[in-house]
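Report on the structure given below.
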Protein chains: 2
Amino acid sequence: MQDLLFDFIAKYVSLTEDEKNAIISLDTFRTFKKGVILLREGQNSNEAYFVLKGCIRAYYIIDGEEKTTAFYTEMDALTPPCVVNKTPSEYYISCIEDSIIIISNPEMEAEIFDKFPKFESLCRVLSEELLAKQQINFDEFKTSSPEQRYLNLLQSRPDLIQRVPQHQLASYLGIKPESLSRLRPRIMAKNKW
Amino acid sequence: MQDLLFDFIAKYVSLTEDEKNAIISLDTFRTFKKGVILLREGQNSNEAYFVLKGCIRAYYIIDGEEKTTAFYTEMDALTPPCVVNKTPSEYYISCIEDSIIIISNPEMEAEIFDKFPKFESLCRVLSEELLAKQQINFDEFKTSSPEQRYLNLLQSRPDLIQRVPQHQLASYLGIKPESLSRLRPRIMAKNKW
DNA sequence: CTCATTTCTTAACTTAAGTCAACGAGTCGT
DNA sequence: ACGACTCGTTGACTTAAGTTAAGAAATGAG
């Protein structure tokens, strides 16, 4: 199981056995059942997540309606804004599937960064990379129509369309479930003729 | 001028005179006239920007049309994805106003990080903070209508509405200039009655 | 100052997303 | 196996954004 993590890290830096053991000794691997809520609105959490297996989703409840804004799957990292800003969480995080997740907190990070500065460097690089990725994502979202966004998702994360319920996908695409339902036939019609 | 920068940094860490001098000696303060293009599509740049004064904007040209996706004003930092990914740039960056900007590159960063590890730590924190901010931004964008987005912007960055041309604001809000034009009177009508 | 260009607004029309409601299929708990 | 929910689809209607076009206002270059 840990190999998934170390293979991922190996793309950025090579770790000594000592360093790997330091990570393992933190003992932060957790498994959750589908449906478990990891974070609730209003909570003062300081947990960051790294998905080894499975899928979690972030969603707001606005006027009693769930608004799904993100899905995190294998090798995705998520530090909720409430952790960074030390404010109560504005949203929920729950497991869409049975999942294996690494949960860390700032104290653990500080400890590791202190012992192995290399990790802080790694985290800086990862976070800059994430930031760039998310910028591009946001840009694509802004510059395209719901239809294009769906086609885009079909290309970039085809798995999501399989593993995620439609109404969650819809708000992820910034539209209503009924609209998503109508999108599909419309696209088909275009490709046929 | 540099004080602007050091005041900003002081919110995160305190710097010694040595460290301040190290930054100043990099001699990366630049001034640009309104209209100057800092980065072009297709370019292989490795420059990151930090706006001390003025305003720059990022925009794509898609089907011959400008799509503005971001504005960076005082104390905003921007590392274009092309720098992180070492790929040709997908977008343009230009100065909307006469601006004073700090331009850095990965080599300079590496040098500074090596001499003063504190800076890498600072950059990690900054970038995590930025990531959180952008997540919230994206979430707000997804979960609201063009009208709400405009009202939102009016609240969170009222200066932008003054200093930026409407058609650029429009694509920033994910709509056409004509739609933005119609938004305003509609909102007024709602508030009046 | 003047002409050319860009920017903003307005209008008429088209298209697609939102809303409300109904219905069948699937899921869950008991 | 049953009924209660949830989920996805469909339909009719409303609303707002896209499109195309025209013209007024502001800006810039010479």
Side-chain angles (χ1 to χ4, degrees), chain A residues 33-37 55 57 59 61-68 71 92 94-98 141-154 160-191 193, chain B residues 33-37 55 57 59 61-68 71 92 94-98 141-154 160-191 193:
Chain A
K33 285 269 164 217
K34 174 177 176 171
V36 170
I37 295 184
C55 180
R57 85 182 229 268
Y59 60 99
I61 295 189
I62 297 175
D63 299 333
E65 248 189 290
E66 281 190 13
K67 305 266 188 175
T68 299
F71 299 102
Y92 298 76
S94 81
C95 295
I96 290 194
E97 306 170 353
D98 292 355
F141 192 93
K142 265 190 196 171
T143 58
S144 48
S145 66
E147 193 174 314
Q148 289 172 308
R149 294 204 284 264
Y150 177 77
L151 289 170
N152 214 32
L153 192 68
L154 216 54
L160 275 191
I161 286 147
Q162 303 309 318
R163 59 209 289 200
V164 165
Q166 303 255 353
H167 66 285
Q168 291 172 12
L169 261 187
S171 65
Y172 180 68
L173 292 170
I175 58 178
K176 301 278 157 187
E178 297 93 327
S179 296
L180 178 55
S181 224
R182 275 182 286 235
L183 255 184
R184 255 101 65 78
R186 203 166 64 220
I187 289 170
M188 296 313 248
K190 281 185 190 169
N191 282 352
W193 311 120
Chain B
K33 285 270 163 215
K34 174 177 174 170
V36 171
I37 295 183
C55 179
R57 83 182 231 267
Y59 60 98
I61 295 188
I62 298 173
D63 298 333
E65 249 189 292
E66 282 190 13
K67 305 264 190 179
T68 298
F71 299 102
Y92 298 76
S94 82
C95 295
I96 289 195
E97 305 170 355
D98 293 354
F141 192 94
K142 265 190 196 169
T143 58
S144 49
S145 66
E147 194 174 311
Q148 290 171 307
R149 294 204 283 265
Y150 177 76
L151 291 170
N152 214 32
L153 192 67
L154 216 53
L160 275 191
I161 285 146
Q162 302 310 318
R163 60 209 289 200
V164 165
Q166 305 254 354
H167 66 285
Q168 290 173 12
L169 262 187
S171 65
Y172 180 68
L173 292 170
I175 57 178
K176 300 279 156 187
E178 298 92 329
S179 296
L180 178 55
S181 226
R182 274 181 291 224
L183 258 183
R184 255 101 65 76
R186 204 166 63 219
I187 290 171
M188 296 314 246
K190 281 184 192 172
N191 282 351
W193 313 120

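Lettering of chains follows the sequences in order, A, B, ..., and the numbering in each one begins at 1. No hydrogens, no waters, no symmetry mates; every other heavy atom, side chains included, goes into these values.
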Please report the C-alpha distance between A/Q168 and A/K67 in whole Å, then the side-chain angles of each, then the deciding distance to 0.1 Å, and finally whether the side chain to side chain contact (heavy atoms under 4.5 Å, CB included) criterion is met. CA-CA 7 Å; A/Q168 291 172 12; A/K67 305 266 188 175; over 6 Å; no
B/K176 NZ to C/dC8 P, in whole Å, measures 15 Å
### Query
Do the rings of A/F141 and B/F141 sit parallel, tilted or perpendicular, given the 30° and 60° boundaries?
perpendicular
Separation of C/dT7 atom P from B/Q168 atom CD, nearest Å, is 7 Å
A/R182 atom CZ is separated from D/dT14 atom C1', nearest whole Å, by 12 Å
The nucleotide from D/dT9, C/dC8, C/dG18 with an atom nearest the side chain of A/R184 is D/dT9
Of C/dC8, D/dA17, D/dT10, the nucleotide closest to the side chain of A/E178 is D/dT10
Whole-Å distance, A/R149 CZ to D/dA17 C1', equals 12 Å
Taking C/dT19, D/dT19, C/dA17 as options, the one with an atom nearest any side-chain atom of A/P146 is C/dA17
Per atom distances to the A/I175 side chain, the nearest of C/dT10, C/dA17, D/dG8 is C/dA17
Quick note, B/R186 side chain, CB onward, closest among D/dA17, C/dG18, C/dT10 is D/dA17
Would the distance check show the side chain of A/E65 and the main-chain N or O of A/I62 forming a donor-acceptor pair, the cut-off being under 3.5 Å? no
Kindly say whether A/K34 contributes a backbone atom to a donor-acceptor pair with the side chain of A/D98 at under 3.5 angstrom? yes
From the candidates C/dC8, D/dT10, D/dG8, the one with an atom nearest any side-chain atom of B/H167 is C/dC8
Between OH of A/Y150 and P of D/dG8 the distance, given in whole Å, is 12 Å
Winner on side-chain proximity to A/S181, out of C/dA17, D/dG8, D/dA17, is D/dG8
Side-chain contact check for B/P165: nearest option of C/dC8, D/dG28, C/dT19 is C/dC8
When rounded to whole Å, the CG to C1' distance for the pair A/L173 and C/dG18 reads 16 Å
### Query
Distance only, no hydrogens: is a donor on one side chain within 3.5 Å (strictly under) of an acceptor on the other, for A/T68 and A/R57?
yes
Here the distance between atom P of C/dA16 and atom CG of A/L151, to the nearest Å, is 13 Å
Between B/L180 and A/S179, the residue closer to the 5' end of DNA chain C by nearest nucleotide is B/L180
Between CD of A/Q148 and C1' of D/dG18 the distance, given in whole Å, is 12 Å
